[in-house]
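One structure below.
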Amino acid sequence: MLNLVLFGPPGAGKGTQAEYLIESFGLNHISTGDLLRSEIAGKTDLGLEAKKFMDKGELVPDAVVIGMIKSKLDSNKDAKGFIFDGFPRTVDQAKALDELLNNNGTPVSGMLSLEVEKQELIDRLMLRGKSSGRADDQDQSIIENRINVYNEKTLPLIEYYRPQNKHFGINGMGSIEDIAGRLKAVVSKL
Ligand code: ADP
């Protein structure tokens with residue numbers, strides 16, 4: 001079983017690259033951002049609660065996202081492996097993921113960390129905001145807050161995975177195909 005954590009700041013291209021990895025390695029894609037947006041679209045209690053945080057560019061509380069991941073893992077017991085996209089985003093989420101995966105028998109295989117310059121992130125997100133309609137991609141101050149939250153709460157995860165030899169930094173600048181090629185080369189060796 002191959003369990004990949006696709007990591008990087010907002011706008012790094014995690015969702016785009018996840019599509020390539022799914023095709024190449026036949027994995028199940030779990031994006032907490034997508035799961036949360038579908039809860040919002042369904043106007044569930046969870047979605048309404050999560051929206052308050054997402055609209056400000058803050059993280060949704062750990063318990064909420066960990067609960068969503070648990071139910072996804074429980075309902076996909078026969079999967080060949082997973083790509084976690086946008087999760088974990090805090091050290092507590094990473095610890096919870098380890099516990100859940102250990103119960104299922106297979107740990108995280110690797111953390112693929114897409115590295116992109118800050119101005120490029122802002123440009124990509126503003127561009128995405130024009131077509132996706134995502135409110136959190138249309139306001140520069142919300143985007144900057146998400147990048148700050150990433151630096152403060154999510155970046156420390158590198159130091160969680162590095163001592164386990166699971167951290168792989170990948171240049172996330174350039175064409176989509178080039179970046180996909182770099183990712184594939186790393187994943188093939190896991
Ligand atoms: P991006 O990577 O561009 O920020 P996502 O779709 O991954 O886009 O996330 C959008 C928003 O959803 C985040 O800003 C955050 O509010 C919320 N979110 C997504 N995943 C998590 C998570 N693992 N923990 C907490 N909040 C999350």
Side-chain angles (χ1 to χ4, degrees), residues 3-19 21-22 28-42 44-73 82-101 108 111-158 160-161 170 172 176 179 183:
N3 290 318
L4 305 176
V5 170
L6 199 50
F7 187 82
K14 300 183 292 289
T16 306
Q17 295 300 336
E19 286 174 27
L21 290 170
I22 293 159
N28 280 38
H29 183 207
I30 303 187
S31 155
T32 40
D34 288 350
L35 291 173
L36 290 166
R37 280 184 290 276
S38 86
E39 295 281 341
I40 292 175
T44 64
D45 287 346
L46 190 158
L48 294 175
E49 179 61 18
K51 188 173 187 308
K52 293 185 210 156
F53 296 92
M54 292 167 76
D55 282 351
K56 288 185 282 189
E58 298 291 334
L59 294 182
V60 173
D62 285 341
V64 174
V65 286
I66 291 166
M68 289 193 322
I69 293 285
K70 182 174 179 345
S71 67
K72 271 279 164 191
L73 293 179
F82 295 93
I83 297 183
F84 298 95
D85 162 3
F87 179 90
R89 257 174 155 97
T90 63
V91 171
D92 281 346
Q93 290 180 18
K95 288 182 181 161
L97 179 61
D98 279 350
E99 231 169 83
L100 290 170
L101 290 178
V108 168
M111 175 224 223
L112 310 165
S113 176
L114 291 170
E115 295 162 354
V116 179
E117 287 160 18
K118 183 172 176 187
Q119 190 53 49
E120 170 79 10
L121 296 174
I122 296 173
D123 293 348
R124 287 186 192 175
L125 290 171
M126 295 293 280
L127 191 69
R128 182 169 80 184
K130 283 188 195 144
S131 55
S132 73
R134 269 179 62 172
D136 61 346
D137 284 345
Q138 293 183 29
D139 180 314
Q140 178 133 358
S141 68
I142 295 174
I143 289 176
E144 295 214 7
N145 190 40
R146 283 157 63 202
I147 295 173
N148 291 340
V149 168
Y150 170 82
N151 287 333
E152 190 188 321
K153 299 198 170 136
T154 307
L155 210 49
L157 279 178
I158 291 180
Y160 181 83
Y161 288 106
I170 285 142
I176 292 176
I179 300 163
L183 281 166

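In listed order, ligands and their atoms are each counted from 1.
- Taking the ring-ring contact (aromatic ring centres under 6.0 Å, His included) definition, one finds that Tyr161 meets it with nothing, sequence neighbours left out.
- Side-chain contact, Gln119 with Asp123: a donor N or O sits under 3.5 Å from an acceptor N or O.
- Judged by distance alone, the side chains of Asn145 and Tyr150 never bring a donor and an acceptor atom under 3.5 Å apart.
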Are there any N/O pairs under 3.5 Å between ligand 1 and the protein, and if so, what are their distances?
| residue | atom | partner | partner atom | Å |
| --- | --- | --- | --- | --- |
| ligand 1 | 2 (O) | Lys14 | NZ | 3.1 |
| ligand 1 | 2 (O) | Arg89 | NH2 | 3.4 |
| ligand 1 | 3 (O) | Arg128 | NH2 | 2.8 |
| ligand 1 | 3 (O) | Arg146 | NH2 | 3.0 |
| ligand 1 | 4 (O) | Arg89 | NH2 | 3.0 |
| ligand 1 | 4 (O) | Arg146 | NH2 | 3.2 |
| ligand 1 | 6 (O) | Arg37 | NH1 | 2.9 |
| ligand 1 | 6 (O) | Arg37 | NH2 | 2.9 |
| ligand 1 | 7 (O) | Arg89 | NH1 | 3.1 |
| ligand 1 | 7 (O) | Arg89 | NH2 | 3.4 |
| ligand 1 | 8 (O) | Arg134 | NH2 | 3.2 |
| ligand 1 | 16 (O) | Glu58 | O | 2.6 |
| ligand 1 | 20 (N) | Thr32 | OG1 | 2.8 |
| ligand 1 | 20 (N) | Gly86 | O | 3.4 |
| ligand 1 | 20 (N) | Arg89 | NH1 | 3.1 |
| ligand 1 | 23 (N) | Thr32 | OG1 | 3.4 |
| ligand 1 | 23 (N) | Gly86 | O | 3.0 |
| ligand 1 | 23 (N) | Gln93 | OE1 | 3.0 |
| ligand 1 | 24 (N) | Gln93 | NE2 | 2.9 |
| ligand 1 | 26 (N) | Val60 | N | 3.0 |

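- The minimum heavy-atom distance linking Leu157 with Pro88 is given by the pair CD1-O, 3.2 Å.
- For Phe82, the ring-ring contact (aromatic ring centres under 6.0 Å, His included) partners at least two apart in sequence or on another chain are Phe84.
- By the side-chain hydrogen bond (donor to acceptor under 3.5 Å, both in side chains) test, Ser141 is found to be paired with Asp139, residues two or more places apart in sequence or in another chain being considered.
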